[in-house]
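So the structure is just underneath, and the comments pick up after that.
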Amino acid sequence: MTIKRVFEEAKKLLEEAGYPGARIGIPKSPEFGEAYSSLPFEMASKANENPMSIAEKIVSKIKKSRLIDTVEIAPPGYLNFRVNWPFFASLTINEVLEHGRQYAFSNVGKGEHILIEHTSVNPNKALHVGHARNVCIGDLLARLYSKTGHSVTVLNYIDDSGAQMAELLLGFLELGYSEEPPPGMRFDEYCGDIVYIEVNRRAERDPEIDNKRREIARQIEMHGSEAFRKARAIADRVLRDQLQTCARLGARYDILCRESDVITFNLWDEAFRRLKDSGVLYLANEGAKKGCWCIDLSGHEVLSKEGDEVLVKSDGGTTYVARDIGFAIWKLGESSTDFKYSVWGKNPDGSDILITDLNGERKFEKGHPKIVINVIDSRQKRPQAIIKYALSKMGIDPGRYIHFSYEPVTLSSRSAKLLGMGTDAKQVHMSGRKGIYFKVDEILDRLREIALTETVKRHPEWDEEKLKYVSEAIAVASLRYSLLKADTDKMVVFDIEESSRIEGDTGPYILYSVARAYRIMEKASNAKIVIDTRPPNNLEASEKELIRAIAHLPLIVEETLESLMIKKLVTHSRQLAMRFNDFYESCPVIVSGELAGFRLALVKSYIESQIGLMDVIGLPILKEM
RNA sequence: GGGCCCGUAGCUCAGCAUGGACAGAGCGCCGGCCUUCUAAGUCGGAGGUCGAGGGUUCGAGUCCCUCCGGGCCCGCCA
């Protein structure tokens, strides 16, 4: 908490001088010290006095401390606080070395339960780059909460009973598609790239096929039917492949919830009763929605402008929003029933992945989550808002239900053209139906090839296994970084050429700086240099900057937990790497004589703070590359 | 028609939540740095009406309003 400590100290000094409650900020440039206050400006406008003279008055009353030994006035009236660098450096480095990669991640969660739902890709196709954004965001949140002491459950919702399954079934059962993919092709790719697309194309032209599709869609809904059983089996098979891709991206899961089970558990019935009791539900007697149970949205500031939402169709079936309301109650730990599970598989870290199963033997305690985070793209803001409104009407705090919204990934027109889609637009939306998308695995494979070429150049002596391991890590780092550094409020325009870079502002930049740091550790060890946390009196500018960046990390983590602006973590990771590279250029370690021990401590501090952050972002760590 | 998001260098984007000191990176372009720890790096140069206008303020890229441009959502689909 070192930079926070500087802020608190500055605040305290001002308070002791008779100016309580001042706001302290981070100066833009190191020349302005480590903390600043614009208090003189605020006072000047009230007192009708010159900020500079007020600043002088304040400074004359401030007593210095061991941590802050200089307070300066800078025109036109800033107060700049400077730390006692040797003391500050030693505090920071000792704190990092004491906590290791847990530095900056305090146990604020205290075991509180958090449930995070992400991925939730329909089980009829391989993941494309748009899905990858969801996976990476959700996984980062899960990592962040885990690392800060929360008890996290990661949930993946498997819609195995929706209309999109009907296309596959139609292909396999009626149109003669083999259930075995061509050699060398994964089942999920086969389903998404061939069966799904071709069946769709045929259904568009042939009303007969379209009718059959509708018929199968109806049958899938019937629990225990042949179509139901078949849909489940195919979904399970696709899911195997999909989760392999997710594992490749570094994501892990605790429970998989099948929509077919959610329906069977009748979570909706409970929600229906509670909504009806609250009086927000009504049966439409006339108009276009005659015979439907609708939720009355007139009490909602925004939703009221767009009309009420149907929850139960006139044929008695539930809509997606209704089922999601029921599921939300369960996720929040507010329902009276719970699922049973069986073991579905294992995460790369060895933990079990459970799947809902009516006859399952396993229980899973997700607890009563403090918050439930649903990672879903921004196009679902309206239905998600309706769910929150419904929760509030049932007496459940809607603040506990968070729709973590992000803008979708689109394709640059250059990349869309590569996929055979002519367009004049700057970017186009991906479409599984039309085959306009890049699959996650093909992107990773491409990145891995590029990384491999570079790695072989540098390390011709490495064996194949090592080369593969390193280039895979670089590929994953590259993709994760590019999807996570973007503001979640901004569309990611994916361009296959652009994202094939592994230089500049990319994931490998971070990995490379760490690999260099590890090399210094190794050489220092050979040279028998021992870590010494006592700083010299005169620190180099690049040393100070590196220490500053390290000292800021706890504040960044705290702010991210508060605001959930996850890109802050990514931006700071790059910031740290840049500061380290500056240091690397200007401050040699091994040959620096008396300074070697301290500089080595600084290198070690960089490694610990950076890899701690990389743990959360999900960037793989390489000691050599 | 109603609602949400975006608009900063040729391109891709930080910075905006919590207003403050010269608006920062990367890519691309031009020119340097490998007989001191990995050049996937680094240094320098060129490149900006922060979409437009108004308002609040001592001070606005940041807050408020209007407008313009782009994207998305508003189904008895999920």
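Chain naming here is simple, since letters A, B, ... match the order of the sequence lines and numbering starts at 1 in each.
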- Task: Would you kindly compare A:Arg23 and A:Thr319 by the position of their nearest RNA chain B nucleotide and give the one closer to the 5′ end?
- Result: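 Whichever sits nearer the 5' end wins; that is A:Arg23.
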
- Message: Given the ring of A:Tyr584, does A:Arg516 sit roughly above its face, with NZ or CZ under 6.0 Å from the centre of the six-membered ring and within 45° of the axis?
- Response: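 Yes; both conditions hold, so A:Arg516 lies above the ring face of A:Tyr584.
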
Any base atoms under 4.0 Å from [X], or only sugar-phosphate, or nothing? Heavy atoms, all strands.
X        : value
A:Glu624 : base
A:Cys587 : base
A:Tyr584 : base
A:Ser314 : base
A:Asp582 : sugar-phosphate
A:Lys28  : base
A:Asn80  : base
A:Val310 : sugar-phosphate

- Query: Between the side-chain atoms of A:Asn581 and the base atoms of B:A39, is any donor-acceptor pair under 3.5 Å?
  - Reply: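 Result: no qualifying N/O pair found.
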
Using atom [atom1] of [X] as one end and atom [atom2] of [N] as the other, report the distance to the nearest whole Å.
X        : N     : atom1 : atom2 : value
A:Gln427 : B:C5  : CD    : P     : 18 Å
A:Glu558 : B:U18 : CD    : C1'   : 14 Å
A:Phe583 : B:C43 : CZ    : P     : 15 Å
A:Asn50  : B:C58 : CG    : P     : 15 Å
A:Ile502 : B:C27 : CD1   : C1'   : 14 Å

- Message: Within a 6.0 Å radius of atom NZ on A:Lys604, are there more than 12 heavy atoms belonging to other residues, nucleotides or ligands?
- Response: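 No, because the 6.0 Å sphere around NZ of A:Lys604 holds 12 heavy atoms or fewer from other groups.
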
- OP1 or OP2 of B:A78 sitting under 4.0 Å from any side-chain N/O of A:Arg323?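 Affirmative; the distance criterion is met.
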
- Message: Looking at B:G2, I'd like to know if its phosphate oxygens (OP1 or OP2) sit under 4.0 Å from a side-chain N or O belonging to A:Lys381.
- Response: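 Checking A:Lys381 against B:G2: no side-chain N or O falls below 4.0 Å of OP1 or OP2.
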
- Message: Is it true that A:Ser499 and A:Ser482 share a donor-acceptor pair across their side chains at a distance under 3.5 Å?
- Response: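 Not at all, the side chains of A:Ser482 and A:Ser499 share no donor-acceptor pair under 3.5 Å.
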
What's the gap between [N] and [M] when it is taken at their [atom1] atoms, as a whole Å value?
N     : M     : atom1 : answer
B:C5  : B:G41 : C1'   : 37 Å
B:U62 : B:G19 : P     : 12 Å
B:G59 : B:G55 : P     : 12 Å
B:C11 : B:C58 : P     : 38 Å
B:C63 : B:A25 : C1'   : 26 Å

- Check the geometry between A:Phe41 and B:G59 and answer yes if their rings are stacked (centres below 5.5 Å, planes below 30°), otherwise no.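 Taking the rule of under 5.5 Å and under 30°, the ring of A:Phe41 does not stack on B:G59.
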
- If you measure from the ring centre of A:Tyr78 to the centre of the six-membered ring in the base of B:A21, is it under 5.5 Å, with the planes under 30° apart?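 Yes; centroid distance and tilt both under limits.
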
- Return yes if some donor-acceptor pair links the side-chain N/O of A:Arg323 with the main-chain N/O of A:Ile263 below 3.5 Å, else return no.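 No; zero donor-acceptor contacts below 3.5 Å.
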
- Query: Any idea how A:His552 and A:His572 line up, ring-wise: parallel (<30°), tilted (30 to 60°), or perpendicular (>60°)?
  - Reply: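 Because their plane-to-plane angle is over 60°, the rings of A:His552 and A:His572 count as perpendicular.
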
